Amino acid sequence: YSCGDELQTIINAGFSIKPYTIDCELNSKIDEIINLISDKTVAILVTHFFGLPHKNIDAILKTCRSNNIYLIEDCAHCCGGSFKGKPLGLLGDISVFSLRKTQNIPHGGALVVNNKNIVQIPKMIPPGNDVVSMDLFLFMGYRNGLILPGSPLNNILKKTTNLENREGARHDKCGGYFLEISNLAKIIIKNSGESNQHNQHVRRDNFRYYLRFFNSIKNKSIRPLINKIGLESAPLFFPLIIDDSKKIWQDLIENNIIITQPFWDHKHNLIDFSKFPEASTLKSKVIIFPTSHKIPRDFLISFLSVLNNN
């Protein structure tokens, strides 16, 4: 169960992948993972779903150490948070962050190398004006409601991106995965550090706000995917399980209710999802709400009204 972007980078680097099961409660199966390890295995990739620690991270970390293989943390949803007092992203050998999801910046990510034995770091390419301007346009468009979440962006991206390869990197004509974060984004991040800790508290409080609301609803067709978070958590989204997330989202758009969107509904062509039915189910049933702010109760009730009409 993943967005798929991380899989493409692995293939592009010349490696092959062996998917492992993620069930409908976001659990991995450590016995299955151990059985997938061979003498050719170099790393295990774990995702901290929605910014919360991967449920089997402790066992997977021990497995990596005992088999002398790298642990890569996908921290794309992490905006803080820790596991046993250690920040997410510092548990394994390598971690990757999608900073644009957690900071008020138009683009940008981070590669963190914790293992001092890894000395070959890729050389990055500064983004050109076309890339920076395009990402800034998209950023402002989303923030001001000019572009709806999930809207097709082909006409906007065609100048810098090979649109025939949906599985590839955005701006692949201009550097793709090797694009460095822009100076604009660096300046914004540098001046936002003091607010990050406060934002983590806000995200926890807002997650619990959604949890209380949806747990109070007597509707068997919906349920929170995650029912409990700890003090070390800093969730990026609140995930809700519903029937047919894409159809519900389209109905919400038709009713001018722009508060949510389907999550990771795209199925990467590298994965045979018939072998992973639980991940396939999650792909079609998860819808998310932001924890950066609270969706007002009246809008949540409107969401339920659309849901009940299906």
Side-chain angles (χ1 to χ4, degrees), residues 1-3 20-33 46-62 73-92 95 97-98 101-102 196-243 245 248 259-264 278-279 281-297 299-301 303-304 307:
Y1 182 56
S2 70
C3 74
Y20 57 85
T21 300
I22 298 293
D23 68 20
C24 287
E25 304 300 326
L26 302 178
N27 295 301
S28 57
K29 301 175 181 179
I30 190 62
D31 291 341
E32 177 193 32
I33 292 174
V46 297
T47 301
H48 298 305
F49 296 110
F50 307 104
L52 305 176
H54 186 93
K55 291 186 176 181
N56 255 338
I57 185 61
D58 217 1
I60 293 174
L61 180 58
K62 291 176 182 177
E73 296 176 75
D74 181 350
C75 298
H77 298 159
C78 297
C79 45
S82 58
F83 177 74
K84 294 184 177 180
K86 196 167 187 178
L88 301 181
L90 297 182
L91 304 172
S95 58
F97 291 81
S98 181
K101 293 184 177 71
T102 61
N196 285 340
Q197 191 169 10
H198 170 71
N199 288 340
Q200 293 174 32
H201 289 290
V202 169
R203 289 182 182 279
R204 281 194 293 272
D205 289 345
N206 290 343
F207 188 98
R208 291 172 179 138
Y209 159 77
Y210 294 125
L211 193 58
R212 287 191 299 270
F213 177 84
F214 286 109
N215 277 337
S216 70
I217 303 302
K218 295 181 180 180
N219 187 330
K220 294 182 178 180
S221 67
I222 64 172
R223 69 173 179 87
L225 178 56
I226 298 166
N227 260 300
K228 184 179 180 181
I229 59 171
L231 293 175
E232 290 186 308
S233 301
L236 183 63
F237 302 115
F238 177 84
L240 190 71
I241 296 288
I242 64 175
D243 291 331
S245 59
I248 295 298
I259 59 174
T260 184
Q261 67 184 92
F263 184 76
W264 283 358
E278 291 171 303
T281 296
L282 289 173
K283 288 276 185 183
S284 65
K285 289 183 177 291
V286 177
I287 205 162
I288 54 172
F289 295 89
T291 59
S292 56
H293 59 281
K294 289 180 181 177
I295 300 297
R297 184 181 177 86
F299 282 89
L300 295 179
I301 291 173
F303 163 77
L304 289 176
L307 198 66

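On a predicted model such as this, the values are computed, not experimentally measured, just so you know.
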- Message: Just to verify, what does Asp205 make a side chain to side chain contact (heavy atoms under 4.5 Å, CB included) with, not counting sequence neighbours?
- Response: Arg208
- Will you find, in the side chains of Ser28 and His54, an N or O donor that is under 3.5 Å from an N or O acceptor? yes
- For Ser2, side chain to side chain donor-acceptor pair (under 3.5 Å) partners two or more places apart: Glu6
- Listed partners of Phe97 passing ring pair (Phe, Tyr, Trp, His ring centres under 6.0 Å), at least two apart: none
- Query: side chain to side chain donor-acceptor pair (under 3.5 Å) with Lys101: which residues, sequence neighbours excluded?
  - Reply: Ser98
- Apply side chain to side chain donor-acceptor pair (under 3.5 Å) to Glu25 and list each qualifying residue two or more places apart in sequence or on a separate chain. Arg223
- Under the salt bridge (charged side-chain N to carboxylate O under 4.0 Å, His left out) rule, collect the residues that match up with Asp23, sequence neighbours excluded. none
- Message: Checking Lys220 now: which residues fulfil side chain to side chain donor-acceptor pair (under 3.5 Å) with it, not counting sequence neighbours?
- Response: none
- Residues at least two apart in sequence or cross-chain that pass side chain to side chain contact (heavy atoms under 4.5 Å, CB included) with Asp31, listed by chain then number, are none
- Query: What do you reckon, are the aromatic ring centroids of Phe263 and His77 less than 6.0 Å apart?
  - Reply: yes
- With sequence neighbours excluded, what pairs up with Ser82 under the side chain to side chain contact (heavy atoms under 4.5 Å, CB included) test? Glu232
- Sequence-distant partners of Tyr1, ring pair (Phe, Tyr, Trp, His ring centres under 6.0 Å), two or more places apart: Phe49, Trp264
- Could you tell me whether a side-chain N or O of Ser233 sits under 3.5 Å from a main-chain N or O of Leu52, the two making a donor and an acceptor? no
- Query: Considering residues at least two apart in sequence or located in another chain, which fulfil the side chain to side chain contact (heavy atoms under 4.5 Å, CB included) criterion with Thr281?
  - Reply: Cys24, Lys285
- ring pair (Phe, Tyr, Trp, His ring centres under 6.0 Å) partners for Phe238, two or more places apart: Phe207, Tyr210, Phe214
